[in-house]
Amino acid sequence: MLYLAVAPWYRQACLDALHERHPSLRVFTGDRALDPTVRSGVDGLYVRRVTNMALLGRRVLVQVGSVGAAVAAAQTIVDLNPRSITAWTILAVRRASGRRTLVWGHLHARAGAHARSNALRRMMRRLAAGTVLYSYDSAADARRELPSQPVWVAPNSLYLRSQLGPAQGSKPQRSVLYVGRLVPEKRVDLLVEGFALSSLPDARYRLVVVGEGPEAERLRVLAAERGVAASVEFLGSVHDAGELRRLYAQALCSVSPGYAGLAVTQSLGFGVPIVVGSGEPHAPEIELDRFGGVRYFARGDATALARLLESMVRRSADVDAQRLAHPVKEWFSAEAMARGLSDALLDRPMRVGKDGWPDAATSDG
């Protein structure tokens with residue numbers, strides 16, 4: 001059983017693949033996370049909804065519904081989230097009764113390895129029988145923190161292997177693409193500013209913004225104020241993999257001006273380089289920068305972003321889309337994520353190479 005705060009739409013492929021491996025799997029999830037812009041979107045006969053209650057100014061989560069089933073299950077995976085009172089409760093009760101429980105999430109808080117809440121994360125891990133992480137690089141740190149505890153990696157993924165690969169398009173690559181939530185921490189306003197400062201609008205390039213959120217109207221106003229409204233297109237949410245492939249096929253590059261996460265996996269998985277701000281509290285998916293395709297500009301500097309976008313135009317012919325997409329297909333597919341969770345449920349040791357990443361031979365497909 002998985003008892004989770006939320007299961008966003010991009011978990012569908014992974015959970016379907018996991019259910020194929022474990023037909024008795026049940027997934028219990030609430031509707032919204034403590035961040036109300038993060039919502040559940042998966043469905044299936046194996047999915048059950050519970051009620052999420054955000055307390056203390058949305059700093060603490062309590063979930064109501066099927067907690068008894070989570071406590072009684074042969075195995076249960078809960079969020080590695082110290083703000084979830086329900087996860088703590090399930091962990092403590094199952095630990096007292098000798099039932100196997102795993103925690104799943106990020107090893108450290110977004111603030112980094114020195115965040116105060118990391119002590120609580122270690123306490124949760126000590127109550128659990130093992131830890132499932134989102135990133136390969138964090139697995140070594142997890143083993144150093146608790147050497148006696150097994151660790152697995154379910155890499156934070158979006159698509160099946162068959163859906164990944166260079167997005168080949170018939171139209172020329174004439175857009176700069178943003179895909180993600182329109183919230184302050186993503187700093188999409190910086191992208192609008194940088195695009196307006198660059199020479200790209202005059203060269204008939206477009207900025208395409210995919211996503212929804214509370215910043216949407218302010219971004220439209222900003223584009224108008226900067227004189228680039230005619231060159232900025234707001235598409236709202238797009239979840240269909242085929243439509244996203246089409247958008248990436250027309251993109252010179254994608255940009256994640258604030259903290260970057262799954263946007264890195266998505267862009268590189270379609271063979272498109274991504275531009276990100278240096279020094280931002282990026283999610284662990286930034287580990288993919290070791291394979292190339294990630295370009296950095298000075299944090300918060302719209303002029304530096306503008307110059308880098310212009311550089312991306314000049315260097316577009318040098319992009320090897322196949323090379324960019326290969327590591328994502330190899331290590332960050334939905335099948336790879338499902339395999340990590342399956343290995344954890346089966347208590348099967350994770351097979352890794354010398355660098356802590358799985359050998360290519362262990363990947364599915």
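Please read all numbers here as calculations on a predicted model, not as lab measurements. Heads up: numbering here begins at 1 and tracks the sequence.
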Looking at [options], which one forms a side chain to side chain contact (heavy atoms under 4.5 Å, CB included) with [X]?
X: Leu191; options: Leu219, Val255, Val232; value: Val255
X: Arg11; options: Asn156, Leu4, Leu2; value: Asn156
X: Phe332; options: Thr265, Val264, Leu268; value: Thr265

Is the backbone of [Y] close enough, under 3.5 Å, to the side chain of [X] for a donor and an acceptor to pair up by distance?
X: Arg187; Y: Gly277; answer: no
X: Arg58; Y: Ala33; answer: yes
X: Asp31; Y: Asn52; answer: no
X: Gln12; Y: Asp43; answer: yes
X: Arg226; Y: Ala196; answer: no
X: Ser267; Y: Val272; answer: yes
X: Ser342; Y: Ala338; answer: no
X: Glu145; Y: Arg122; answer: no
X: Glu193; Y: Leu305; answer: no
X: Tyr136; Y: Trp331; answer: yes

>> Would Leu346 and His22 count as a side chain to side chain contact (heavy atoms under 4.5 Å, CB included) here? Give the steps.
In response: CA-CA 10 Å; Leu346 296 172; His22 302 270; 3.8 Å; yes
Which atoms form the tightest heavy-atom contact between [X] and [Y], and what is the distance?
X: Lys329; Y: Arg161; result: O-NH1, 2.6 Å
X: Leu91; Y: Thr101; result: CD2-CG2, 3.7 Å
X: Leu15; Y: Ala7; result: CD1-CB, 4.4 Å
X: Leu80; Y: Leu107; result: CD2-CA, 4.5 Å
X: Gly65; Y: Val50; result: O-CG1, 3.2 Å
X: Leu324; Y: Gly271; result: CD1-O, 3.7 Å

>> Could you check whether Tyr178 and Phe234 have their ring centres less than 6.0 Å apart?
In response: no
> Quick one: are the ring centres of Phe195 and Tyr205 less than 6.0 Å apart?
Replying inline: no
> For Ser40, which residues count as a side chain to side chain donor-acceptor pair (under 3.5 Å) partner, sequence neighbours excluded?
Replying inline: Thr29
> Is the Trp104 ring parallel, tilted or perpendicular to the Tyr134 ring (thresholds 30°, 60°)?
Replying inline: tilted
>> Can you classify the ring geometry of Trp9 versus Tyr159 as parallel (below 30°), tilted (30 to 60°) or perpendicular (above 60°)?
In response: tilted
Flag yes if [X] and [Y] sit in one hydrophobic cluster, no otherwise; membership is Ile, Leu, Val, Met, Phe, Trp, Tyr, and two members link when side-chain heavy atoms are under 4.5 Å apart.
X: Ile286; Y: Leu288; answer: yes
X: Leu341; Y: Met124; answer: no
X: Leu190; Y: Leu197; answer: no
X: Met337; Y: Leu102; answer: yes

>> Can you tell me if Leu56 has over 12 outside heavy atoms packed within less than 6.0 Å of its CG?
In response: yes
> Counting only heavy atoms not in Arg83, do more than 12 sit closer than 6.0 Å to its CZ atom?
Replying inline: no
> Does a side-chain N-to-carboxylate-O contact under 4.0 Å join Lys186 and Glu215?
Replying inline: no
> Checking side chain to side chain contact (heavy atoms under 4.5 Å, CB included) for the pair Leu177/Gln266: CA distance, chi angles, key distance, verdict?
Replying inline: CA-CA 12 Å; Leu177 183 63; Gln266 186 175 69; over 6 Å; no
>> Pair Ile274, Ser256 - check side chain to side chain contact (heavy atoms under 4.5 Å, CB included), show working.
In response: CA-CA 7 Å; Ile274 185 168; Ser256 190; 4.1 Å; yes
